[in-house]
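Order of the sequence lines fixes the chain letters, A, B, ..., with proteins taken first and strands second; residue numbering starts at 1 for each chain.
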There are 2 protein chains.
Amino acid sequence: MELSDRKKKILQAIIDDYIASAEPVGSSHILKNHDLGVSSATIRNEMAALEEAGYLEKPHTSAGRVPSYLGYRVYVDQLMNEYSLSVTEINQITSALRTKYLELRRVIDSISDIMSVLTDYTAIYTTPSATGITVSNIKLVPVDERSFVALVITNTGAVKNRTIRTSKIFEPAVLEKLSNYLSYRFAGCDTGEFTPEVLSNEKNLIPVDEELIDAVFEFLTDLSNEVENVDVVMSGTTNIFKHPEFNSIDRTKDFLNFIKKDNSKIIKSLLSQTGDSTSVIIGNENPVLENKDISLVVSNYSLGGGLKGKLAIIGPTRMDYAKVISTLDYLTSCINEVTANPDERKNDFD
Amino acid sequence: MELSDRKKKILQAIIDDYIASAEPVGSSHILKNHDLGVSSATIRNEMAALEEAGYLEKPHTSAGRVPSYLGYRVYVDQLMNEYSLSVTEINQITSALRTKYLELRRVIDSISDIMSVLTDYTAIYTTPSATGITVSNIKLVPVDERSFVALVITNTGAVKNRTIRTSKIFEPAVLEKLSNYLSYRFAGCDTGEFTPEVLSNEKNLIPVDEELIDAVFEFLTDLSNEVENVDVVMSGTTNIFKHPEFNSIDRTKDFLNFIKKDNSKIIKSLLSQTGDSTSVIIGNENPVLENKDISLVVSNYSLGGGLKGKLAIIGPTRMDYAKVISTLDYLTSCINEVTANPDERKNDFD
DNA sequence: CATTAGCACTCCAATCTTCCGAGTGCTAAA
DNA sequence: TTTAGCACTCGGAAGATTGGAGTGCTAATG
């Protein structure tokens, strides 16, 4: 069903007002706050039609109307006005990004903080992960007689390390020789390739003490499993208290239980279902959000070197979508810009 | 004022009951549930005296009594019965600790998870920090023509790293020579010693390109500042919903706003005020908890190699102190035992 | 003199009642 | 097709009612 222009205007007016006030919107409100040139009776008729079509809902007979999930969807896709960031907001963002030496680990963390402050919702991001990470160098560095650090440096400059203690004493020269061999042998290999099979074949070719090679290879195997190790991190979880829907303890419980640590798998999979462009998930549109009245705006960020992740805002379905979407878009574009031009930069991901 | 035996028994009975029920405790309740051999009238008289002395409070005239902060203090210090962990609980703990290769970063994290599950409160820990960390080795490992990774390996086996990109091309041999010199020069140095003054003196003695040495030294300076970098991490924040005091949205807001990320400085300082043994902070005993009805039980853990931190439980003042204290004590002793015997072990702190 | 039964009194919290008004849907006129 | 007008609905705020758990005091008791 295609909506008439007037219906669209009325729907937009209702959703705009509802987002601003969190109160069901009545026909006379629309009359007062929007210049539609028709009477409240006409608006009522149109509202009834919009309800019939599934875009609006009534909490009860004598209340105003509230957008349905479908209503929000139409609003997000077609109706809402573009929100433009204020100068102050843009300044906040740029000054936060202009630290001289950015540690990769912190960049996205602070961005997520900024997001939550600017929008007054909760920000979520997944830690960056990369496909096609290859080994650039492997080092075994002695710490004391019976322990050394195994290091794998990747093409992205990330460093994975593990301290290994041994029962025997190994000469630094032995470790160095093994380092060199491993670097030579595995340079350019994808970190996902360190399967037990590959390594056990390899093991027979290396004339080194078994304890040593076993420990190192176990580290490598663990690495290949770690590729999937994406975490979900949040900031501004208590921002929800700024919104009236969370004056009810039940809503609050629902929300906090949804975003809690134990639930990160579900959130991760929810985020991963979105595509390459900024997308909006509204209430029941996704089964895991069933009856939770939660919406998400999900975006993608890239830190260069193939490191990518999701950055999202989560909040009540009555969310200021226009503001959230434009803030998110602006921020992710800033990140991409900053990181596309890699200067000297810390890298803490391991 | 020293309490009579009977007063102590009554006070203990009231606090025990209140911890279990979260309801103000009346004289007839005590009569029913505890065998004190006196009538409710006598108990009432004693209760009035205990209130007079500041150990109890009345929410209103016709309600039962509730412990005051002072009451809890006496309870924790003198009255409460020892709680002994059940076999199931001990099994849960040991099986969680018996992973073959423990990553240091995860040990304390999973311990904190276990804590929150076992106690139904929120667990907090500070990331381990160490005093007297010294440099064991410095490496500069080439990644590609114009970038390399600078690594500082400490006596504890922790690895700090930063990826550095340069405008000029440096031969691997140059980097290796510099590595060797820096390792030789700074081996055994405390990481706190890399002040700009020390380093700028040093700089003149090293016949290497300035860009290179500047970048590396900036990394070292940053390291020395980083020593103080202790984070506060929580698990089980939504456990509070299991306790009836958090059926009120205001209590919940207060609590969540107190433990939120922005507040970690205050929490850190609160934790650091405690000594070497397990200690309890009850309600208004500390100004930052003023009128928040929050208590903490704080303990110390040690991961070996000088790495130490605080592990704590935070919850309402009506907390099952006996259970929390004994769980916390048992867990920290387990950690200390496990880590005192360092086998091959991952180390992810950097 | 400490203890206790008895009783009047207090006051919260749960439940019920009342009532206001914002909002609707329908009808009939423009 | 739009609109003025009107009867009707219903949630929620404000007030009234009531029950019961709990107290403090007094006077009797061993």
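Mapping heavy-atom proximity under 4.0 Å, the span of DNA chain D touched by chain B runs 5' to 3' from D/dA21 to D/dG24.
A/S277 is linked by a side-chain contact (heavy atoms from CB on, under 4.5 Å) to nothing, counting only residues two or more places apart in sequence or in another chain. Residues satisfying the ring-ring contact (aromatic ring centres under 6.0 Å, His included) test with A/Y321, not counting sequence neighbours, are A/Y72. Remark: A/E285 pairs with A/R73 by the salt bridge (charged side-chain N to carboxylate O under 4.0 Å, His left out) rule, at least two apart or across chains. Take A/F255 and apply the ring-ring contact (aromatic ring centres under 6.0 Å, His included) test, not counting sequence neighbours, and it matches A/F246. Residues that satisfy the side-chain contact (heavy atoms from CB on, under 4.5 Å) test with B/D254, not counting sequence neighbours, are absent from this structure. With sequence neighbours excluded, the residues satisfying salt bridge (charged side-chain N to carboxylate O under 4.0 Å, His left out) with A/E245 are A/R318.
Taking the side chain as every heavy atom from C-beta outward, A/M80 and A/I325 approach each other to under 4.5 Å. Side-chain contact between B/I294 and B/T317 is absent, with no heavy atoms from C-beta onward closer than 4.5 Å. In this structure, the side chains of B/E23 and B/Y18 stay at 4.5 Å or more apart for every pair of heavy atoms. Contact of the B/I93 side chain with the B/L331 side chain is registered, since non-hydrogen atoms from C-beta on lie closer than 4.5 Å. A/T332 places a side-chain heavy atom less than 4.5 Å from the side chain of A/L311.
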Using the 3.5 Å cut-off, write out each protein N or O paired with an N or O of nucleotides 16-19 of chain C and the distance between them.
none

Find every protein N or O atom lying less than 3.5 Å from an N or O atom of nucleotides 9-12 of chain C, and list the pairs.
residue	atom	partner	partner atom	Å
C/dT10	O2	B/S62	OG	3.3
C/dC11	OP1	B/T61	OG1	3.2
C/dC11	O4'	B/S62	OG	3.2
C/dC11	O2	B/S62	OG	3.3

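A donor-acceptor pair under 3.5 Å is absent between the side-chain atoms of B/S326 and the main chain of B/S84, judged by distance alone.
Open room surrounds NZ on B/K9; 12 or fewer heavy atoms of other groups in view lie less than 6.0 Å from it.
Contacts between residues 37-46 of chain A and DNA chain C, counted as heavy-atom distances below 4.0 Å, involve A/R44. Listed by residue number, there are no residues of residues 13-25 of chain A with a heavy-atom contact under 4.0 Å to DNA chain D.
Put simply, CG on B/L31 is 13 Å from C1' on C/dA5, counting in whole angstrom units.
A salt bridge links B/K323 to B/E89: at least one charged side-chain nitrogen sits closer than 4.0 Å to a carboxylate oxygen.
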Review item, side-chain donor-acceptor pairs of residues 32-42 of chain B, under 3.5 Å, at least two apart:
residue	atom	partner	partner atom	Å
B/N33	ND2	B/H29	O	3.4
B/H34	NE2	B/D17	OD1	2.9
B/H34	NE2	B/D17	OD2	3.2
B/S39	OG	B/A41	N	3.3
B/S39	OG	B/T42	N	3.4
B/S39	OG	B/T42	OG1	3.3

